[in-house]
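One structure is given here, and the rest of the page talks about it.
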There are 2 protein chains.
Amino acid sequence: MKPNLDEKARRMLTTAALYCTEPRIAILKVLLEARRPVRQDQIAECLGDRALNKVTIYRTLASLVKTGLVHRAFMQKRASYFELAHNCTETQCHPHFTCSNCGTTHCLTGFAVPMAPSRYRGFVIHHQQVRLEGLCPACA
Amino acid sequence: MKPNLDEKARRMLTTAALYCTEPRIAILKVLLEARRPVRQDQIAECLGDRALNKVTIYRTLASLVKTGLVHRAFMQKRASYFELAHNCTETQCHPHFTCSNCGTTHCLTGFAVPMAPSRYRGFVIHHQQVRLEGLCPACA
DNA sequence: CGAGGAAATGCAACTAAGTTGCATATTTCT
DNA sequence: AGAAATATGCAACTTAGTTGCATTTCCTCG
Ligand SMILES: [Mn+2]
Ligand SMILES: [Mn+2]
Ligand SMILES: [Zn+2]
Ligand SMILES: [Zn+2]
């Protein structure tokens with residue numbers, strides 16, 4: 001495995017003032033290695049033999065989201081997808097692209113859709129989230 | 001009530017080649033009068049006395065979505081929000097804004113966030129959906 | 001190091017959005 | 001009106017996510 005992933009996860013937890021527990025380190029490592037947002041059950045599957053209770057995974061994700069280490073990237077089919085906060089500005093995460101043919105989701109970290117104006121008719125806009133749909137390179 | 005709403009709903013159904021049934025007309029009228037996306041249970045509540053089975057509402061919404069009359073605007077708390085297709089282009093619906101203070105959602109039909117490029121590193125982008133979050137005029 | 005208190009985990013039971021199969025009712029067409 | 005096509009209602013089911021509570025683990029401080 002990656003020997004320094006463990007250390008990296010520990011640092012992230014300490015920085016966020018969270019207890020460094022085995023479950024949290026394991027979950028963070030899965031997120032660190034994932035290239036795309038993942039669901040609770042996908043995290044569980046990645047853990048394989050040293051499985052965790054799903055309640056623990058959900059509660060860990062909740063803690064990580066609260067500290068800002070992790071984002072709830074989007075929902076699909078009534079399930080939430082989570083990922084490490086990466087390539088984010090204060091007001092916009094990168095767009096997520098879902099292929100309408102094969103169903104896979106990709107992080108489009110290379111570009112950002114321009115932000116909406118910070119004010120519009122009395123609305124104060126703090127955050128913008130963009131979902132894209134179309135054909136991925138493999139399916140196009 | 002609005003006397004011509006009924007007729008309008010009927011026309012929409014006929015145009016979409018769907019049977020003109022009482023439940024469908026009732027649901028369409030709720031959507032025609034709603035100013036924002038609504039959930040299944042909100043539609044049921046609006047119908048009040050002449051209630052409909054939730055399965056009927058879900059199946060009706062599915063038919064309406066398939067014909068393009070209705071959009072699944074977004075998901076929140078594991079529930080889908082539906083609305084009539086309005087102020088939409090081929091590639092983008094208007095942005096939806098949710099207030100982080102009071103929780104209400106508004107359709108921001110007045111402006112459109114610029115579209116992502118139609119191609120980006122092999123991705124063919126067909127559709128773009130924008131979710132905004134911040135403070136609504138009442139809470140700002 | 002070895003408590004002791006704070007916080008995290010696991011388990012079982014629960015909640016609630018959405019789905020499915022099937023019998024019955026309604027709509028449309030002739 | 002009658003037949004075929006389609007829609008509705010009901011009950012039972014599926015499944016993502018939550019809650020309460022007993023037990024375990026982690027961190028801090030003597
Ligand atoms: Mn991403
Ligand atoms: Mn809208
Ligand atoms: Zn694809
Ligand atoms: Zn508000």
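So that the names make sense, note that chain A is the first sequence line, chain B the second, and so on, each numbered from 1. Basis for what follows: all heavy atoms, side chains included, without hydrogens, waters or symmetry-related copies. Since we're looking at a predicted model, the values are computed, not measured.
- Note: B:His86 and B:His71 fail the aromatic proximity criterion, with ring centroids not under 6.0 Å apart.
- A straight line from CD1 of B:Ile25 to C1' of C:dT28 spans 14 Å, rounded to a whole angstrom.
- Distances were taken from every side-chain heavy atom of B:Glu22 (C-beta onward) to each of D:dA7, C:dT27, C:dA7; the shortest belongs to C:dT27.
- Applying the 4.0 Å criterion to OP1 and OP2 of D:dG17, one finds that A:Tyr58 has a side-chain N or O inside that range.
- At whole-Å resolution of the value, CD1 in B:Ile27 and C1' in D:dT8 are 11 Å apart.
- The base of C:dG10 lies close enough to the side chain of A:Arg59 for a donor and an acceptor atom to sit less than 3.5 Å apart.
- In this structure, B:Lys54 reaches the bases: a heavy-atom distance under 4.0 Å links it to at least one base atom across the strands shown.
- Across the interface with DNA chain C, nearest-nucleotide mapping of B:Cys20 and B:Tyr81 shows B:Tyr81 to be the residue nearer the 5′ end.
- Rounded to whole Å, the distance from CG on B:Leu52 to P on D:dG9 is 5 Å.
- Nucleotides of DNA chain D nearest to B:Leu18 and B:Val55 differ in position, and the one nearer the 5' end is that of B:Leu18.
- Nucleic acid contact class of B:Thr60 (heavy atoms, under 4.0 Å, all strands): sugar-phosphate only.
- Taking atom CE on B:Met75 and atom C1' on D:dT15, their separation rounds to 12 Å, with Å as the unit.
- Note on A:Ser80: only backbone sugar-phosphate atoms sit closer than 4.0 angstrom, heavy atoms only; bases stay farther off.
- Distance CG (A:Asn53) to C1' (D:dA22): 14 Å, rounded to an integer number of Å.
- Pairing each heavy atom of A:Gly110 with each of B:Tyr120, the nearest pair is CA-OH, 2.7 Å.
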Between A:Cys136 and A:Asn101, is a side chain to side chain contact (heavy atoms under 4.5 Å, CB included) present by the stated rule, with each step listed?
CA-CA 8 Å; A:Cys136 75; A:Asn101 182 244; over 6 Å; no
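- Rounded to whole Å, the distance from CD1 on B:Ile57 to P on C:dT19 is 13 Å.
- Along DNA chain C, the nucleotide nearest to B:Arg78 and the one nearest to B:Thr21 differ in position, and the one closer to the 5' end is contacted by B:Arg78.
- With a 6.0 Å radius and a threshold of 12 heavy atoms from other residues, nucleotides or ligands, A:Arg36 has its CZ atom above the threshold.
- Among D:dG17, C:dT27, D:dG9, the nucleotide with an atom closest to any side-chain atom of B:Thr56 is D:dG9.
- Taken from CD in A:Gln129 to NE2 in A:His94, the straight-line distance is 10.0 Å, to the nearest 0.5 Å.
- B:Leu13 has its CG atom 18 Å from the P atom of C:dT26, to the nearest Å.
- Per the geometry, CD belonging to B:Gln76 stands 17 Å off P belonging to C:dA16, to the nearest Å.
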